[in-house]
**Q** 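After the C-alpha cells below, expect a handful of questions from me.
Just so it is clear, the structure is predicted and the values come from calculations on it, not from any experiment.
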Amino acid sequence: MTHVVKVYRAERFSPNSADRDRAIIDAAGARFASQGCTIEGINEDELDASDAADIFLSMARTPRALGILRQKEAEGGTVINRPDGVAACRRSNIDRLMRSHSLPVAPLSGTCGYWLKRGDEAAQYREDVVFARNETEKDEALRRFKDRGVADVVETAHVRGDVVKFYGVQDTGFFRTYHADANFSKFGDEAVNGATRHYAFDAEQLQNDAERLATLVGVDVYGGDCIVRPDGTYAIIDFNDWPSFARCREEAADAIAAKVNAIIKR
C-alpha cells in the first residue's frame, strides 16, 4: 500500500498563515487517502532520516528538512515540491533569474519609493519586507537589516497598480489569479498600492511567465504576486513554493494530486 507523508511547514515560515498552509496540504493528502493510501503528517522540524514513505507532500523550507528530503529522493521516493527547487526559491535567486531571463520584474530605480526584502530566505517577520518612501528611509531600512545580521537584501522600486496574486500547478492546466484580498494580508503591505482599480491584463501571458519561472526554479506547486499597471503591463514582485491556495484550495488539491500521480506513472 502506498504511504504518503505530509510534511507541514514550520510556523515561522507561515506568518499569520499557519492554518491556511496546513489546510492545503491536508486537502492534497485527502485525495490520496481516497485512493487507498495511508497518510501521515509531520512538522518539518520533526522530520527524521528514518521516516519512510513512497510520496512526500512537502512544504518544508529548512536546510535540514530539505537535506533529508534529498536523501528520500535519492532512495526513490517522490517529493513535491522537490527540495532543490524549494532551495532555489530564495528571493535573491528569483530576482536574478527573472532579470537574466527577461521576465517582467520590478525596476531597480524609480520615483515612488522602494521595497527592501530579505533575500536569503522567505519572509518570517514583518521586518523582512520593508517599504521605504525615499532614499533616506531606504538607507535606514538597510541599516536595520544589517543590524539584524541580514546581508542578502533585494532592493526594487515601487510599482504603482493593482496587486494580483497568482497560483499554479505545473503541467496540469491549473492557474488562477485573484486581486489582493482586502480581508486578509500577512503583513498589510498591499495597502501601499491603495484601492484596486481592476486594470485589464493578459492572464494567459502571466501564466506563461509564471510557468517559465517555475520551470527555471524547479518547483511544480507555486504562487506569487504581481503588480498590474494602468496600461496592463505587469511586474512579478514575489514568487514562492507551495502557497496556501486559500481561495481555490479544493481545485488546487485536485491538481496537486494529479501532478503527483503523473510523476509516479512516468
**Q** Starting at CD1 of I236, measure out to CG of D95 and round the result to the nearest 0.5 Å.
**A**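 The CD1 atom of I236 sits 11.5 Å away from the CG atom of D95.
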**Q** Within a 6.0 Å radius of atom CZ on R160, are there more than 12 heavy atoms belonging to other residues, nucleotides or ligands?
**A**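 Counting other residues, nucleotides and ligands, CZ of R160 stays at 12 neighbours or fewer.
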**Q** If every non-hydrogen atom of S244 is compared with every non-hydrogen atom of I24, which pair is closest and at what distance?
**A**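 That would be O-CB, 3.4 Å.
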**Q** Considering all heavy atoms of both residues, which atom of A210 and which atom of Y222 are nearest to each other, and what is their separation?
**A**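 Taking every non-hydrogen atom into account, CB-CE1, 3.8 Å.
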**Q** Between Y114 and E137, is there a side-chain donor-acceptor contact under 3.5 Å, judged purely by atom types and distance?
**A**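 The answer is no; no qualifying pair exists.
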**Q** Quick check: are there more than 12 heavy atoms from other residues, nucleotides or ligands sitting under 6.0 Å from CG of D19?
**A**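 Open.
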**Q** Looking at CD of E73 and OG1 of T78, how far apart are the two atoms once the value is rounded to the nearest 0.5 Å?
**A**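 If I round to the nearest 0.5 Å, the distance is 8.5 Å.
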**Q** If Ile, Leu, Val, Met, Phe, Trp and Tyr residues are connected whenever their side-chain heavy atoms lie under 4.5 Å apart, and connections chain through other members, are Y234 and L213 in the same group?
**A**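 Both belong to a single hydrophobic cluster.
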**Q** Does D51 use its side chain to pair, donor to acceptor, with the backbone of D48 at less than 3.5 Å?
**A**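 Confirmed, D51 side chain pairs with D48 backbone.
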**Q** Is the ring pair F239/F166 parallel, tilted or perpendicular, if the boundaries are 30 and 60 degrees?
**A**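 Rings of F239 and F166: tilted, as their planes differ by 30° to 60°.
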**Q** In terms of hydrophobic clustering (I, L, V, M, F, W, Y; side-chain heavy atoms under 4.5 Å; direct or indirect links), are I25 and V221 co-clustered?
**A**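 As far as the 4.5 Å side-chain criterion goes, V221 and I25 are connected within one cluster.
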**Q** If you draw the axis of the six-membered ring of Y178, does the NZ or CZ of K165 fall within 45° of it and under 6.0 Å from the ring centre?
**A**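 So K165 doesn't make the cation-pi contact.
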**Q** Testing K6, R249, R20 for salt bridge (Lys or Arg N to Asp or Glu O under 4.0 Å) with D26, which one passes?
**A**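 Of the listed residues K6, R249, R20, the salt bridge (Lys or Arg N to Asp or Glu O under 4.0 Å) partner of D26 is K6.
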**Q** Find the distance between CD (Q207) and CD (Q205) and round it off to the nearest 0.5 Å.
**A**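 The CD atom of Q207 sits 10.0 Å away from the CD atom of Q205.
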**Q** For D162 and T196, indicate whether the former's side chain and the latter's backbone hold a donor-acceptor pair under 3.5 Å.
**A**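 Answer holds: no.
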**Q** What do the steps show when you test F131 against H158 for ring pair (Phe, Tyr, Trp, His ring centres under 6.0 Å), and what is the final call?
**A** CA-CA 8 Å; F131 176 65; H158 176 63; 5.3 Å; yes
**Q** Could you state the interatomic distance from CD1 (I256) to CD (Q170), rounded to the nearest 0.5 Å?
**A**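 Taking CD1 in I256 and CD in Q170, the distance rounds to 12.5 Å.
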**Q** Got a sec: does the CD of E135 have more than 12 other heavy atoms crowding it under 6.0 Å?
**A**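 Atom CD in E135 is crowded, with more than 12 foreign heavy atoms closer than 6.0 Å.
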**Q** Begin with the C-alpha distance, continue with both residues' side-chain angles, and end with the deciding distance and a verdict on salt bridge (Lys or Arg N to Asp or Glu O under 4.0 Å) for R9 and E44.
**A** CA-CA 6 Å; R9 184 171 290 154; E44 68 172 294; 5.5 Å; no
**Q** Is it true that a side-chain atom of D220 and a backbone atom of N81 form a donor plus acceptor pair closer than 3.5 Å?
**A**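 Answer holds: no.
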**Q** C248 and F174: which non-hydrogen atoms are nearest, and at how many Å?
**A**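 Heavy-atom minimum between the residues: SG-CZ, 3.8 Å.
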**Q** Taking the six-membered ring of Y167, is the NZ or CZ of R176 close enough (under 6.0 Å from the centre) and on axis enough (within 45°)?
**A**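 Verdict for Y167: no cation-pi partner in R176.
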**Q** Within a radius of less than 6.0 Å around CZ of R212, do more than 12 heavy atoms belonging to other residues, nucleotides or ligands occur?
**A**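 Counting neighbours around CZ of R212, more than 12 heavy atoms of other residues, nucleotides or ligands fall under 6.0 Å, so yes.
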